[in-house]
Amino acid sequence: MPRVTENPNYGVRELYLGSPKGLDIWHLQVKLIGWGSGTDNDGVGHPMDPVRLTGVFDSTTRDAVLRFQLAHKIPATGRVDGGVFKAIDREAALHPVVVNDLKCPCARGDNDGAILCRCTGHNGASPPVAIAHPQEGKCDGFGKADRFAGKFLTEGKKCWDGSTEKSLESEKLDVYDRQEYEGMDKTVLWAVRAILHRTKIQTETDHKRIAVVAGYRCWHDNYHHTDQTRWHHRQTTFHLGKTIEFTIQGHCSEPVWKDDKDSCPQCDALRKTALEKCGFQSRWQEPSRASLAEGPKAARPPSSPFAVSVDTVRLHERKDDGALDYTDHFVKKDADAVKPLYPGSLVGVSFPVVLQPGVTKDSLPVDIKWALHPKFSSSEPFFRNTEKGKGGYFPIGSSRLWHGGVHLNVAAGAPVYAIADGEVVGCRFGDPEDRAGGSRNFVLLRHEIKAEGAWKDKIFYSLYMHLDAGEATADATIRWRRELFERSKDHVLPSIPQPLFTVETVATKARLCPRPGFAAGDAVAITGGEVGAVSKDDSLPADWKMYEVEASPGHYIFTAREGEPVGVKLDKLDGVTKGLVIGLVQPIRVCAGESLGLVAKAAAGAEPFLHLETFAAAELPVTDAVSVDASEVGKFADRKAIVANLVDVAKLLPKPQDGVLTVGDVKLLYGLPPFYPKLRSAAVKMPSAWAVDWKVALSGSKSLGFLDDASALGEKWNELRWWEGVKAKHTALPDGASLYHYHPIALLLQLAYL
């Protein structure tokens, strides 16, 4: 199996059946290896069709994605977008397997004294005498770099029939490889996490943590222990970073021979789940699969009657030509074990609402299925929805003034979704919904596109206006509001998925033990000052730092571990008050399809709608876009200038009678071809409606001189403005007087097919 190198970075592109081969797919398969099919395949795919590490997004990988999505209540598409990447990475926090707990006994001060064994050169001495082993020496927790590199247990071994023509030296598989890799294979860590999730042993309400029986054991440690034959040291390659043996503390039987029991019944239950639901194999018949040691004590070694033993010794075949090198997938820090993280690049897109009748927020995610993805659901109903309403067309509204977005006409309370991966940079929440002119609650997202070619590093914004009055509270159902509440206090932003830690007594010693925690970027409110972890657990280094979590006294989150930062402490965010415009210096990450709020209730006599708008400071490379320059602020509300621009310059409209567009003309243009398809393609450079002083604009327009209440109408519209408040904090917001506006659904289709 050649190593794949195309598209190496996990999380920078959307993955689906037929995606070009890549190392990023290999990374995905590592993290989904426990969601392969066993005899109980969750009704998806074929029984006994487990995930194999190939770097190819095949039907087996797609089925594993579907099982993962269903288990996590994510729309079941079989595609891996930003939301799925983030949910996968969160598993590292919800089902923690702490790498520090897997260090070799050498690191705990064991393995001192003489090594006693009967090897070649002892000559049967009685009593046995210690001899120096090649490359002998204690390790610091994860072996010595390249010790026994290129050496295999099969060297010099004859075939089972004793023939001299052949030998086993050509069997250079991981199961025989003596090399000490510097760390744990990431795959075995994710395999254990899957077992824990799918057995439901670890939940937020009743969390039972792993008790590691054996993790890494170097050759020096092997030399200090005998195996079946007295005075012969262990000859196992399993624990050179490829195996974890564990029990569940307070749940499993003691990991010792006891009352002549054949095995631990609790461990047997975990093994059953691993075989039947995770698709692991018993022993090592097939390559590219995770394996499980047997439980009965009479089984051939390695068996593990009183612990669950998971290994990855058959994942990779070793090649003499050195074409395969997976050493970079062996890790000795938690920060490395969960990397590469989903970086929040543009890998997913989503329609902003669900137009299907009968689908409500309470029926998600099953009923929604593919309705949110432009490749699975038609865009035409969205276009027609915006063009058949009473107003809110693009790029001119029923007022016959420039209109930078569209109105999506959906019921009050309909969920609103982020159209692409991005970050919240501005918002207003908690303002009354049913006010005249529409709710003032909004969310502004910033999106950076990580595609190649003309779209590389392009930035645009999306605005969701007229949202519900939900507030930023500790129990808010909308995640960005909940996180905004956390940021109103001193908080830590984890840079990697992190468990929380509590102090527990382990073998009479106070130790910090993991509990379910938080994903990277989740704000965690804290209390008190930074403390050294050594003050709670004297086995840890002095430079490990942490804070106590405010909502869970006695729980701690780290800011520094294993010699590097794993989180940053930030002071509380000022001005998090309902009804006020908020700009964020530190944005809040969101994924495509993530809920941003609900459509607000309308005022009496009005109908609810969502105002959706997309704009950029620099022109975007939209295919077949028709550029319209309406950047003169003085003509922003000039109906005659607007008509002249669209008719004479852009040639998007027919010349109206008497040079004046009526309300009826506008409805007709958006109701019949050929003009509404052309208007969808407009790229209009105009000032932002949320920065314009409407009192001045309406009063100063000669074409609106017939309005007796222009000044009063301008004051009413000014109440919706938010630009200056956001820009005061999010200084990267572009100049509001010169922006390129695009039809949001048309832009979404461009992004979906990059």
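Being a predicted model, the structure only gives us computed values, none of them experimental. Throughout, residue positions are numbered sequentially from 1 according to the sequence presented.
Residues passing the salt bridge (Lys or Arg N to Asp or Glu O under 4.0 Å) test with Glu294, sequence neighbours excluded: Arg283. For Glu594, the salt bridge (Lys or Arg N to Asp or Glu O under 4.0 Å) partners two or more places apart in sequence, or in a different chain, are Arg479. For Asp268, the salt bridge (Lys or Arg N to Asp or Glu O under 4.0 Å) partners two or more places apart in sequence, or in a different chain, are Arg271. Legend: residues meeting side-chain hydrogen bond (donor to acceptor under 3.5 Å, both in side chains) with Arg62, ordered by chain and number and at least two apart, are absent.
Screening residues 42-64 for ring-ring contact (aromatic ring centres under 6.0 Å, His included), with sequence neighbours left out, gives no hits. Screening residues 269-294 for ring-ring contact (aromatic ring centres under 6.0 Å, His included), with sequence neighbours left out, gives Phe238-Trp284.
Distance alone, capped at 3.5 Å, is enough to place a donor-acceptor pair between the Lys333 side chain and the Glu562 backbone. Of the possible donor and acceptor atoms, none in the side chain of Glu286 sits under 3.5 Å from a partner among the backbone N and O of Arg314. Checked by atom type and distance alone, the side chain of Arg561 never pairs as donor or acceptor with a backbone atom of Asp334 at under 3.5 Å. For the pair Thr237 (side chain) and Val175 (backbone), a donor-acceptor distance under 3.5 Å is present. With hydrogens and angles disregarded, no donor-acceptor distance shorter than 3.5 Å links the side chain of Asp42 to the backbone of Val44. Side chain of Lys31 to backbone of Phe85: no donor-acceptor contact under 3.5 angstrom is found. At least one donor-acceptor pair closer than 3.5 Å links the side chain of Lys186 to the backbone N or O of Lys339.
Counting only N and O atoms by type, the side chains of Glu91 and His72 include a donor and acceptor under 3.5 Å apart. Between the side chains of Asp58 and Thr61, a donor-acceptor pair is found at a separation under 3.5 Å. Checking Arg217 against His239 by side-chain atom types alone, a donor-acceptor pair falls below 3.5 Å. Checking Gln235 against Asn222 by side-chain atom types alone, no donor-acceptor pair falls below 3.5 Å. Looking only at atom types and distance, the side chain of Thr502 has a donor-acceptor partner in the side chain of Glu504 under 3.5 Å away.
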task: Given salt bridge (charged side-chain N to carboxylate O under 4.0 Å, His left out), test Asp40 with Lys277 step by step and report yes or no.
output: CA-CA 5 Å; Asp40 178 4; Lys277 294 188 74 68; 3.2 Å; yes
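When side chains are defined from C-beta on, Gln498 counts as touching Val566, because their heavy atoms get closer than 4.5 Å.
Within 6.0 Å of the OH atom in Tyr556, the count of heavy atoms belonging to other residues, nucleotides or ligands exceeds 12.
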